[in-house]
Amino acid sequence: MTDLAVPVTTRKDWASDQEVRWCPGCGDYSILSAVQLLLPELGIRRENTVFVSGIGCAARFPYYMNTYGMHSIHGRAPAIATGLAVSRPDLDVWVVTGDGDSLSIGGNHLVHALRRNVNLTILMFNNQIYGLTKGQYSPTSEVGKITKSTPFGSLDAPFNPVSLALGAEATFVARTHDLDRKHMVETFRRAHDHRGASFVEVYQNCNVFNDGAFEAINGKENRADMLIPLEHGQPIRFGADGEHGVASDGHGGLRLVEVADVGEDALVIHDERQVNPSLAFALSRLATGPHEPTPIGVFRAVERPDYGSLVDQQLLEAQNRQGVGDLASLLRSGATWNYD
Amino acid sequence: MTSVAERPKPFVLPEYCKGCGRCISSCTKACITMGTEINPVTGLVPIVLDLSRCNGCGLCFEACPEPYGLRPQGEEAAFELVDPSTVLGPRPYAAPQPEPWPDTSVPLPEREPLIVKGTYAAAVGAVLAGCRHVFGYPITPSTEGAELMAKVLPELSGVFVQAVSEVATVNMMYGAGGAGKRCMTFTSSPGFSLMLEGISYMIGAEIPAVFVNVMRGGPGLGNIGPEQADIKLVCRGLGHGNTHAIVLAPATPQEMLDIAMLSFELAFKYRNPVVIVGDGYLGQMTGKVRLPRQMTEPGIPEWAVFGDRSHRGNLMCSLDLSEVGLEQHNVRLNEKYAQMTAEEQRADLYRCDDAEILIVACNTPAQLAKGAIKELQDKGLKVGLFRPITLWPFPIEALLTVLDRVERLVIVEASSGQLEDELRLALSHAEVHAPPPMSHVRRMGGILPSQDEIVEHVLGLEEVR
């Protein structure tokens, strides 16, 4: 089977026959279309591809993919995907989740999938709200957010998902947004090609319950001055003419500068392959929320053996040391006795 | 001639030594070995010293993590085990016995009835019962109750916390309930499943709280249509161990309010969680709700972890490592369950006086059955409704009063027979060995039995044909 060439597919081959049931105008549509555009280019098979989701609007994603899929338990998608990826290392396993699903009820499972570096591609649609239950605040909602469950404003300090993933020492961490299909496709491609756990935060507009949450940074007029594209090996600069940049603040963090003031040499060169995640973390702390200049792109992409490979290696070592197990003799070893 | 002060060699205080062995690895002269004799006082195995090679280096004193495990020789007399009370004297004061602060009842003026949906009615009832602490996680179709609480509680010096999951929710309730506060949650079937672990702990630790479970279609994620398929769970499966809780099944928005108020009384009377089960329709159904003429200002029970001197001996705990102690605890829980079974059965009997055909139903299906009964009575049939309001304990006493005349029981429910199982179990426990023949109208998957289906079923019975 494996020596057969991967069939050539088009975007249509990856779309299922299901009617897409997100609200009209939802940012999820463009993410779906970016994924369906990308998959034919990856040289993978539909029958070897699985989309796993939990609960929430984002979690409807597997219905719309003409691949295998699991629409599973609230927050548990990373755990379910871990089971799948470890038992079937030949599969391409994607996790599609939202900010509520992955950061509140599923926070535990998410950080451990990242920590273990399970070979997964995790797409986290961050709309800073609970959409499916009709508008309650989420772990990424800003302080003071008025929602149905916080009529007097939220008191919770929000998570910064990229910082969180870096804190869990994820080996691939990126951010993109739903208004830039090309950037999404390229980011998802990098995430897919990375071996190990890849985490991509996608800023996604919920036009019904949290409309315009990212308008300040990804609105057409604002983009040039508010999005900081990260490119490996390049000085970090942004603005229509690259007039703004990012430099060290002298205290282990980063600050925004005008290139004209500090000179090009003072700009920080982005290095996504640094094993030490400090630079990536400092980049993730540049913006306190999507109302300040915000880095997008790949924050970190480092090599570390993935969990599935380590499991395989351990099995091989055990078998080399002790030989292939014989169930009958294993059952009779240790504290078992014959009854006469 | 210079003299060297002789450094002390160690001696071991066996009552303090836990046999951790750190001194063994620190000793350069291999003077110390793991013991083999269990110390009768501590039940642990202290190390054994052989000081023939000891040069008094003192490394073992450093290694010993116990303040009095290994000490320099010459200090023996200072380390005899003594009762601290003989050294420190009795406690400077005795904490007073905690006194319960009783609940007070506050009269309310006559008000126009409200027109509200079921989840809101339950929230209003809880507020009137003195509930000021609500925890929850969004889940359709129960979220509105919590949203209303989020809006009204701050003005009443109360708090709603949106937890990060139902697991977090139930543990927040453990905390608030343990402080003697009236707390509740609104959830729906999948969320209730997640709360079961905490409910078992709360029953074990005897912590009151009220859970509103607006049942939806299952199993698993199911859908958000109305179902009654958690009856088995709430009556027979509240987490692990010997657990029970009073389960109340309202049928109208008015009852959602009344039962919410009653639930807090019962939860605190028995120091046990109480579960209110509704169905998805009842949660969303809008109806006229009369407000009671009094509300409750809750006090603080004597068992609460209240944070003052008199309550400081209180411990909320479901752990008991002694088998005998835990069995006694279970015996006590069983006595509570027996008291609930004897005193808390509630049922609504509708046109049962001369009923030959008795429909058994709860929640919204009971309302549908009432409609069917009116239709059937117009056709001259003697049909009545037995509506359990408590599903656990099942109101078998009330059923027995009318059962003699009944020729047929028809169980109407939105589940695969979970209410019928409770009925059959109750009949069996009541030694009713030859109950009337039973038949049923059941729907599942988020669909309620319809009035027409009930009428059709009854008209098709052989007793009627």
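Letters go in sequence order (proteins before strands), and every chain restarts at 1.
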Evaluate whether atom [atom1] of [X] has more than 12 neighbouring non-hydrogen atoms of other residues, nucleotides or ligands under 6.0 angstrom away.
{"X": "A:Tyr68", "atom1": "OH", "result": "no"}
{"X": "B:Phe160", "atom1": "CZ", "result": "yes"}
{"X": "B:Leu108", "atom1": "CG", "result": "yes"}
{"X": "B:Ile38", "atom1": "CD1", "result": "no"}

Item to complete: Quick one: closest heavy-atom pair of B:Ala150 and A:Phe152, and the distance?
Response: O-CE1, 3.7 Å

Worksheet item: When heavy-atom pairs shorter than 4.5 Å are enumerated against chain A, which of B:Val164, B:Leu194, B:Ile139, B:Leu148 gives the highest number?
Response: B:Val164

Worksheet item: Who passes salt bridge (Lys or Arg N to Asp or Glu O under 4.0 Å) against A:Arg115, sequence neighbours left out?
Response: none

Worksheet item: What part of B:Ile224 gets closer than 4.5 Å to chain A, counting heavy atoms only: side chain, backbone, both or neither?
Response: neither

Chain B against chain A: donor-acceptor pairs under 3.5 Å:
{"from": "A:His74", "atom 1": "NE2", "to": "B:Tyr137", "atom 2": "OH", "distance (Å)": "2.8"}
{"from": "A:Ser104", "atom 1": "OG", "to": "B:Tyr137", "atom 2": "OH", "distance (Å)": "3.0"}
{"from": "A:Ser104", "atom 1": "OG", "to": "B:Val164", "atom 2": "O", "distance (Å)": "3.4"}
{"from": "A:Ile105", "atom 1": "N", "to": "B:Val164", "atom 2": "O", "distance (Å)": "3.0"}
{"from": "A:Tyr130", "atom 1": "OH", "to": "B:Tyr137", "atom 2": "OH", "distance (Å)": "2.8"}
{"from": "A:Gln136", "atom 1": "NE2", "to": "B:Glu147", "atom 2": "OE2", "distance (Å)": "2.5"}
{"from": "A:Tyr137", "atom 1": "O", "to": "B:Gln162", "atom 2": "NE2", "distance (Å)": "2.7"}
{"from": "A:Ser149", "atom 1": "OG", "to": "B:Gln162", "atom 2": "OE1", "distance (Å)": "2.4"}

Worksheet item: Do A:Ile55 and B:Leu221 pass the side chain to side chain contact (heavy atoms under 4.5 Å, CB included) test, and can you show the C-alpha distance, the side-chain angles, and the key distance before you say yes or no?
Response: CA-CA 9 Å; A:Ile55 299 300; B:Leu221 191 53; 3.0 Å; yes

